[in-house]
There are 2 protein chains.
Amino acid sequence: MKNISRLKDSNLKVTPQRLEIVKILSTYGHMNINSLYEALREKFPTLSLATIYKNIHTMRDKSFLSEVKIPNQKNLYELKKEEHSHIVCSKCDDIIDIELDTSSFINQASSISNYKLDKSSIVLIGICPKCATI
Amino acid sequence: MKNISRLKDSNLKVTPQRLEIVKILSTYGHMNINSLYEALREKFPTLSLATIYKNIHTMRDKSFLSEVKIPNQKNLYELKKEEHSHIVCSKCDDIIDIELDTSSFINQASSISNYKLDKSSIVLIGICPKCATI
DNA sequence: CTAAATGCAAAGCATTTGCAAATAT
DNA sequence: ATATTTGCAAATGCTTTGCATTTAG
């Protein structure tokens with residue numbers, strides 16, 4: 001199965017708990033520690049919070065997943081993929097991924113600042129289409 | 001004095017502790033709770049951490065200052081000013097402010113997503129000129 | 001004079017650690 | 001067979017709360 005080899009590729013031992021973390025994250029996209037814990041408890045009633053923390057941190061350190069910081073929210077975790085930005089609805093807190101062309105932006109910033117830029121963390125905040133109609 | 005009237009304008013009572021918070025933040029730019037506490041203790045040895053938390057939160061809630069989330073760092077606080085982005089050096093952790101033209105970016109994002117966007121939290125990560133030469 | 005801010009101690013959460021037993025490779 | 005992971009309990013760390021006292025307006 002695909003998730004198994006992805007874990008192996010990152011030098012992570014394949015445990016049932018880890019497989020379920022991957023499954024849940026691929027379903028929900030972005031989650032904080034606590035909702036991940038709640039979701040995992042359904043399948044593993046004895047799962048410990050400590051196990052989640054340990055797994056999330058090793059998986060993050062091996063770049064298997066990434067930590068996302070959004071204003072007014074707890075840290076979120078998502079499966080690693082190509083660099084992308086996030087859009088948050090300030091009413092319902094829903095988050096979507098979006099791929100944007102950041103190159104002109106980065107160029108502008110590096111020529112002003114003289115930094116050698118290589119990554120970005122971009123969150124745009126607004127109202128989602130659903131909330132806009134309510 | 002300018003800081004006094006700025007606090008008053010935000011309906012914040014002017015206490016010595018708050019004046020010092022403003023002074024320190026305008027000197028250092030961005031600080032986390034703990035380094036703010038350390039810095040304030042020099043002038044107010046009896047200052048309590050609780051006082052800092054309470055002040056930072058009321059000042060944030062009255063939009064006198066803003067909370068900044070940077071990957072791999074604790075929450076930072078800075079005096080409110082025009083919207084701007086941040087650049088972080090991944091070696092020395094130094095942070096600078098930068099004003100960038102985000103409009104084309106925001107337009108691109110809103111037409112793709114159908115969100116009504118009105119704010120952004122943009123952090124660019126790279127190597128600062130100093131660290132680049134070492 | 002009144003409402004808000006301060007400092008302290010205690011309470012409340014969140015995160016990490018140590019360790020024995022279980023599991024993956 | 002070995003190294004890693006798991007789950008538990010305890011420890012640590014971070015943030016908030018309640019309350020008596022002080023201070024700003």
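In what follows, chains are A, B, ... by sequence order, proteins preceding strands, each numbered from 1. Values reported hereafter were calculated over all heavy atoms of this structure, with side chains retained and with hydrogens, waters and symmetry mates removed. Predicted, not measured: the structure shown is a model, and the values here were computed from it.
Phosphate proximity of dG7(D) to Thr51(A): present, with a side-chain N or O under 4.0 Å from OP1 or OP2. Distances shown here put every side-chain N or O of His57(A) at or beyond 4.0 Å from the OP1 or OP2 atom of dT15(C). Dashed line: the shortest gap from a side-chain N or O of Asn55(A) to OP1 or OP2 of dT5(D) is not under 4.0 Å. Within the structure, every side-chain polar atom (N or O) of Asn34(A) is placed at least 4.0 Å from both OP1 and OP2 of dA14(C). For the pair Thr46(B) and dG7(C), the criterion of a side-chain N or O lying under 4.0 Å from OP1 or OP2 is met. Using a 4.0 Å cut-off, some side-chain N or O of Gln17(B) falls inside it from OP1 or OP2 of dG7(C).
Candidate nucleotides dC8(C), dG25(D), dT4(D) were compared by shortest atom distance to the side chain of Val14(B), and dG25(D) ranks first.
Taking atom CG on Asn75(B) and atom P on dA14(C), their separation rounds to 15 Å, with Å as the unit. Nucleotide dT23(C) holds its C1' atom 13 Å from the CZ atom of Phe44(A), rounded to whole Å. Residue Arg18(B) contributes atom CZ, which lies 11 Å from atom P of dA24(D) at whole-angstrom precision. Protein atom CG of Leu47(A) is 17 Å distant from nucleotide atom P of dA22(C), rounded to whole Å. Between the CD1 atom of Ile33(B) and the P atom of dG13(D) there is a distance of 18 Å, given to the nearest Å. Whole-Å rounding puts the Ile4(B) CD1 to dA24(D) P distance at 11 Å. Atom CD1 of Ile52(B) and atom P of dC8(C) are 13 Å apart (whole Å). We find that CG of Leu12(A) is positioned 11 Å from P of dT25(C), with the value rounded to whole Å.
Lys116(A) places no side-chain N or O within donor-acceptor distance of the main-chain N or O of Ala132(B), the cut-off being under 3.5 Å. Side chain of Lys23(A) to main chain of Arg18(A): no donor-acceptor pair is present (N/O by atom type, distance under 3.5 Å, no hydrogens or angles). Under a 3.5 Å cut-off, the side chain of Ser35(B) and the backbone N or O of Met31(B) do not form any donor-acceptor pair. For the pair Gln108(B) (side chain) and Asp101(A) (backbone), a donor-acceptor distance under 3.5 Å is present.
Inspection of the Glu67(B) and His57(B) side chains reveals no N or O donor paired with an N or O acceptor under 3.5 Å. Of the N and O atoms on the side chains of Ser120(A) and Glu83(A), at least one donor lies less than 3.5 Å from an acceptor on the other residue. Looking at Gln73(B) and His30(B), their side chains never bring a donor and an acceptor atom within 3.5 Å of each other.
The nearest heavy atom of DNA chain D to Lys54(B) and to Leu49(B) marks one nucleotide each, and the one closer to the 5' end goes with Leu49(B).
Backbone-only engagement by Thr15(B) is indicated by non-hydrogen atom pairs under 4.0 Å involving sugar-phosphate atoms exclusively.
Checked by distance alone, Lys74(B) brings no side-chain donor or acceptor within 3.5 Å of a matching partner on the base of dG13(D). Taking 3.5 Å as the limit, the base of dG25(D) and the side chain of Lys8(B) contain no donor-acceptor pair of atoms between them.
For the helix from dC1(C)-dG25(D) to dT25(C)-dA1(D), the rotation axes defined at the first and last 5 base pairs enclose an angle of 50°, given to the nearest 10°.
Salt bridge annotation for Asp94(A)-Lys130(A): absent, with no cationic side-chain nitrogen under 4.0 angstrom from a carboxylate oxygen.
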